[in-house]
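By convention in this document, chain letters (A, B, ...) are assigned in the order of the sequence lines, proteins followed by strands, and residues within each chain are numbered from 1. When reading the values below, keep in mind they use all heavy atoms of this one structure, side chains included, and skip hydrogens, waters and symmetry mates. Predicted model, so just to flag it, every value in this text is computed and none were measured.
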Amino acid sequence: MLDQGFVRENIELVEKGARGRGEKVDLQLFLELDQRWRELLAQRDSLKHQRNVASQSIGQLVKEGQRAEEEIARMKGLGQRIKGLDEEVKTLENRLRGVMLSIPNLPHSSVPVGRGDEENPVVRTWGEKPGFDFPPRDHLQLGGLLGLFDFGRGSKLAGSGFPLYKGLGARLERALVNFMLDLHTQKHGYLEISPPFLANRSCMEGTGQLPKLEEDMYLCEHDDLFLIPTAEVPVTNLHREEILDGDDLPLKYVAYTPCFRREAGSYGKGTRGFLRVHQFDKVELVKFVRPEGSYQELEDLLGEAEEVLRLLGLSYRVRLLCTGDLSFAAAKCYDIDVWAPGEGKYLEVSSCSNYEDFQARRAGIRFRDGGKVRFVHTLNGSGVATARLLVALLETYQTREAELIVPPVLRPYLDGREKIG
RNA sequence: GGAGGGUUAGCCUAACUGGUAAGGCAGCGGACUUGAAAUCCGCCGUCCCUUAACGGACUUGGGGGUUCGAGUCCCUCACCCUCCGCCA
């Protein structure tokens, strides 16, 4: 959410920003509501002032043992008028809030203007795409041959898109998660969090999933709780409605959680195997930082996520998302795409974003900076998502005999095993 | 699921039978000081008006109600603690 006063004073800028993302926002409506709201506030506040003054003098009279009937009778009408105005103000504020919540964040000045995926510039690529002297198999074939997972039975349990890992497949998944957690906690200085996998509405609104993406999430209706679509939700909301000590910043957290996404309306393309699933595992990095250094923090975060792929020896590229591809709440975002030889394409395994104070304002996350209280900047990035990572890993390290060479950094997590198959 | 107790500012703690949130600690700025400590003064949640100053409204977990007036009374929801029940 942007600041209401900021929107009021920078209406063209906000309009331009929203248009660049292809979001429709009724700023004319905003201006009308805002204007009316401020008029009513002034009216109501002055009536309340009258009431406060009168009530106080009534209290004084009563204390002195005098009668105050006429005064009280006079105030009764005022109370009704205030009640009416209060209702009007409230209605207006609800509508205003609706409009405010629908306004996307402004892109940072370094974000290129563009319409969508095709216009995201590649910032860098790393590693050679592996060559094979045999036709590389895709992850489904390999998984089948090696007995690593069982999509059929996953479907039997929960429907298509719910993968089931077994044997060394499950072990490999667990190894990847542990490897990433250890890297980020031990080398990069993140504090590990194991949060609830369900979250309430306030959290969802705080990080910006609500109101826009309700249809994309699983909801437990009995308790009005959502299955988290990413650990960003519980971890960013750790400090919701808190004022942090400026000396404690930056705060850096890493969390492994499963992620649940309905992916409504996305059946068909790109849904084979692990490419798009309703449940996947992810290690997420979240930072709360001072506004001044937040863009350097974003570069650092990106580097830390990239290191996962480097250590695993997987070829990847980093792209900077253009305005048209930027998510609702982000001011700047990099995607990391890993190369999957069997699929013959890049797969997105990480998004690293700076939200500036957009989430912090929604969630009320502030810090004390000297004598002042200010909003923090929040950042997060996948570090990284395992399902697609596993795809790239299988397809990159396969041998002609359909074995899997285990990358050295993973061997300690697999009893020193060098090969699977 | 049942019974009782609780939630006041970054933290800690007050407020009569309803009378308009008192203190303390921490932090920030200033005075004093060679410097520091101590001491004193101011600031230290949000919004509106305003160039600014001044001013005003709101804020006692959330939402509603009663009242001229609600931290206080009533209803409701959330969370925390204790006990009982159930349970991996």
Colleague: Atom CZ of A:Arg374 to atom P of B:U46: distance rounded to whole Å?
Modeller: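 Nearest whole value for this atom pair: 13 Å.
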Colleague: Whole Å only: how far is the CD atom of A:Glu88 from the P atom of B:A57?
Modeller: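 Atom-to-atom, A:Glu88 to B:A57, this comes out as 20 Å.
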Colleague: Expressed as a whole number of Å, how far does the P atom of B:C58 sit from that of B:U72?
Modeller: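 That atom pair is separated by 15 Å.
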Colleague: Is A:Ser55 reaching over with its side chain to a backbone N or O of A:Asn52, donor-acceptor style, under 3.5 angstrom?
Modeller: no
Colleague: When rounded to the nearest Å, what value does the distance between C1' atoms of B:G19 and B:U13 take?
Modeller: 23 Å
Colleague: From B:C68, B:C49, B:G63, pick the nucleotide closest to the side chain of A:Lys76?
Modeller: B:C68
Colleague: Counting heavy atoms from C-beta on, name the nucleotide in B:G56, B:G69, B:C48 closest to the side chain of A:Ser55.
Modeller: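 Among the listed nucleotides, the one closest to the side chain of A:Ser55 is B:G69.
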Colleague: Would you mind reading off the distance between A:Glu39 atom CD and B:C47 atom P, rounded to a whole angstrom?
Modeller: 20 Å
Colleague: To the closest 0.5 Å, what do you measure between CD (A:Gln186) and CG (A:Leu181)?
Modeller: 10.0 Å
Colleague: Roughly how far apart, to the nearest Å, are B:U20 and B:C75 at atom P?
Modeller: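 It comes out at 26 Å once rounded to the nearest Å.
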Colleague: Can you figure out which of B:G19, B:C48, B:A57 approaches the side chain of A:Val62 most closely?
Modeller: B:G19
Colleague: A:Ile58 has a side chain; which of B:C68, B:C48, B:A57 sits nearest to it?
Modeller: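 Out of B:C68, B:C48, B:A57, the nucleotide with an atom closest to A:Ile58's side chain is B:C68.
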Colleague: With nearest nucleotide decided by heavy atoms, which residue, A:Met75 or A:Glu242, maps closer to the 5′ end of RNA chain B?
Modeller: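 Per heavy-atom nearest nucleotide, the more 5' residue is A:Glu242.
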Colleague: Nearest whole Å is fine: how far is B:C28 C1' from A:Arg368 CZ?
Modeller: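 In whole Å, B:C28 C1' lies 9 Å from A:Arg368 CZ.
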Colleague: For nucleotides B:G24 and B:A57, find the distance between their C1' atoms and express it as a whole number of Å.
Modeller: 28 Å
Colleague: What is the pairing partner of B:G69, taking Watson-Crick or G-U wobble pairs with both distances under 3.5 Å in any strand?
Modeller: none
Colleague: Look at A:His49 and B:G56 and indicate whether a side-chain polar atom (N or O) is within less than 4.0 Å of OP1 or OP2.
Modeller: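 No, no such contact exists.
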Colleague: Compare the minimum distances between each of B:C48, B:C58, B:G63 and the side chain of A:Arg51, then state the nucleotide with the smallest one.
Modeller: B:C58
Colleague: Rounding to a whole Å, what distance do you find between A:Asp248:CG and B:C11:C1'?
Modeller: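 Result: 14 Å.
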Colleague: Measuring from the side chain of A:Arg366 (C-beta onward, heavy atoms only), which nucleotide among B:U46, B:G56, B:C68 has the closest atom?
Modeller: B:U46
Colleague: With both distances under 3.5 angstrom, what nucleotide forms a Watson-Crick or G-U wobble pair with B:C43?
Modeller: B:G27
Colleague: Which nucleotide, B:C47, B:C58, B:G63, lies nearest any side-chain atom of A:Asn52?
Modeller: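 The nucleotide sitting nearest to the side chain is B:C58.
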Colleague: Before accepting this row, confirm whether a basic side-chain N of the pair A:Arg201/A:Asp224 lies closer than 4.0 Å to the acidic partner's carboxylate O.
Modeller: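 Looking at A:Asp224 together with A:Arg201, the answer is yes, because their closest N to O distance falls below 4.0 Å.
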Colleague: Between A:Gln4, A:Glu93, A:Glu88, A:Glu32, which is the residue that forms a side-chain hydrogen bond (donor to acceptor under 3.5 Å, both in side chains) with A:Trp37?
Modeller: A:Glu93
Colleague: Using only atom types and a distance under 3.5 Å, with no angle test, would you say the side chain of A:Arg115 pairs donor to acceptor with the backbone of A:Thr323?
Modeller: no
Colleague: Can you check whether A:His377 and A:Tyr355 have ring centres sitting under 6.0 Å from each other?
Modeller: no
Colleague: Looking only at side-chain N and O atoms, does A:Arg44 come under 4.0 Å of OP1 or OP2 in B:A57?
Modeller: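 Looking at the OP1 and OP2 atoms of B:A57, neither is under 4.0 Å from any side-chain N or O of A:Arg44.
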Colleague: Using a strict 4.0 Å threshold on nitrogen-to-oxygen distance, state whether A:Lys90 and A:Asp86 make a salt bridge.
Modeller: no
Colleague: Could you check how far NZ of A:Lys83 sits from C1' of B:U66, rounded to whole Å?
Modeller: 8 Å
Colleague: Can you tell me the base-pairing partner of B:U7? Count Watson-Crick or G-U wobble geometry only, both distances below 3.5 Å, and say none if there is no partner.
Modeller: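 Matched B:U7 with B:A78 under the 3.5 Å cut-off.
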Colleague: Nearest of B:C49, B:G45, B:G56 to any side-chain atom of A:Arg8?
Modeller: B:C49
Colleague: Return whichever of A:Glu87 or A:Ala42 has its heavy-atom-nearest nucleotide of RNA chain B closer to the 5' end.
Modeller: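 Per heavy-atom nearest nucleotide, the more 5' residue is A:Ala42.
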Colleague: Report which part of the nucleic acid A:Glu71 touches: base, sugar-phosphate, or nothing (heavy-atom distance under 4.0 Å, all strands).
Modeller: nothing
Colleague: Would you classify A:Asp245 as touching base, sugar-phosphate or nothing, given that sugar-phosphate means primed atoms plus P, OP1 and OP2, and contacts are heavy atoms under 4.0 Å?
Modeller: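 Nothing: the residue A:Asp245, judged by heavy atoms under 4.0 Å, touches no strand.
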Colleague: Using the P atom on both, measure B:C73 against B:U7 and round to a whole Å.
Modeller: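 So the two P atoms sit 12 Å from each other.
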Colleague: For a quick test of reading the model: is some side-chain N or O of A:Lys90 closer than 4.0 Å to OP1 or OP2 of B:G64?
Modeller: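 The answer is yes; a side-chain N or O of A:Lys90 sits under 4.0 Å from OP1 or OP2.
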Colleague: Taking any strand in view, what nucleotide pairs with B:A22 in a Watson-Crick or G-U wobble way, both distances under 3.5 Å?
Modeller: none
Colleague: Could you tell me which nucleotide pairs with B:G1 by Watson-Crick or G-U wobble geometry, both distances under 3.5 Å, or answer none if nothing does?
Modeller: B:C84
Colleague: For B:A53, what is the paired nucleotide under Watson-Crick or G-U wobble rules, both distances under 3.5 Å?
Modeller: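 Matched B:A53 with nothing under the 3.5 Å cut-off.
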Colleague: What is the base-pairing partner of B:U34, counting Watson-Crick and G-U wobble geometry with both distances under 3.5 Å?
Modeller: none
Colleague: Taking atom P in both B:U66 and B:U8, compute the distance separating them and give it to the nearest angstrom.
Modeller: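 Taking atom P in both B:U66 and B:U8, they lie 27 Å apart.
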Colleague: Find the distance A:Ile72:CD1 to B:U66:C1' and express it as a whole number of Å.
Modeller: 15 Å
Colleague: Taking atom P in both B:G10 and B:G27, what distance in whole Å separates the two?
Modeller: 16 Å
Colleague: Counting any heavy atom closer than 4.0 Å, what does A:Arg36 reach on the DNA or RNA strands: base, sugar-phosphate only, or nothing?
Modeller: nothing
Colleague: Distance check, P atoms only: B:A22 and B:G45, in whole angstrom units.
Modeller: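 The answer is 14 Å between these two P atoms.
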Colleague: For A:Leu85 and B:C47, give me the distance from atom CG to atom P, rounded to whole Å.
Modeller: 22 Å
Colleague: So, A:Tyr253 versus A:His184: side-chain donor-acceptor pair below 3.5 Å or not?
Modeller: no
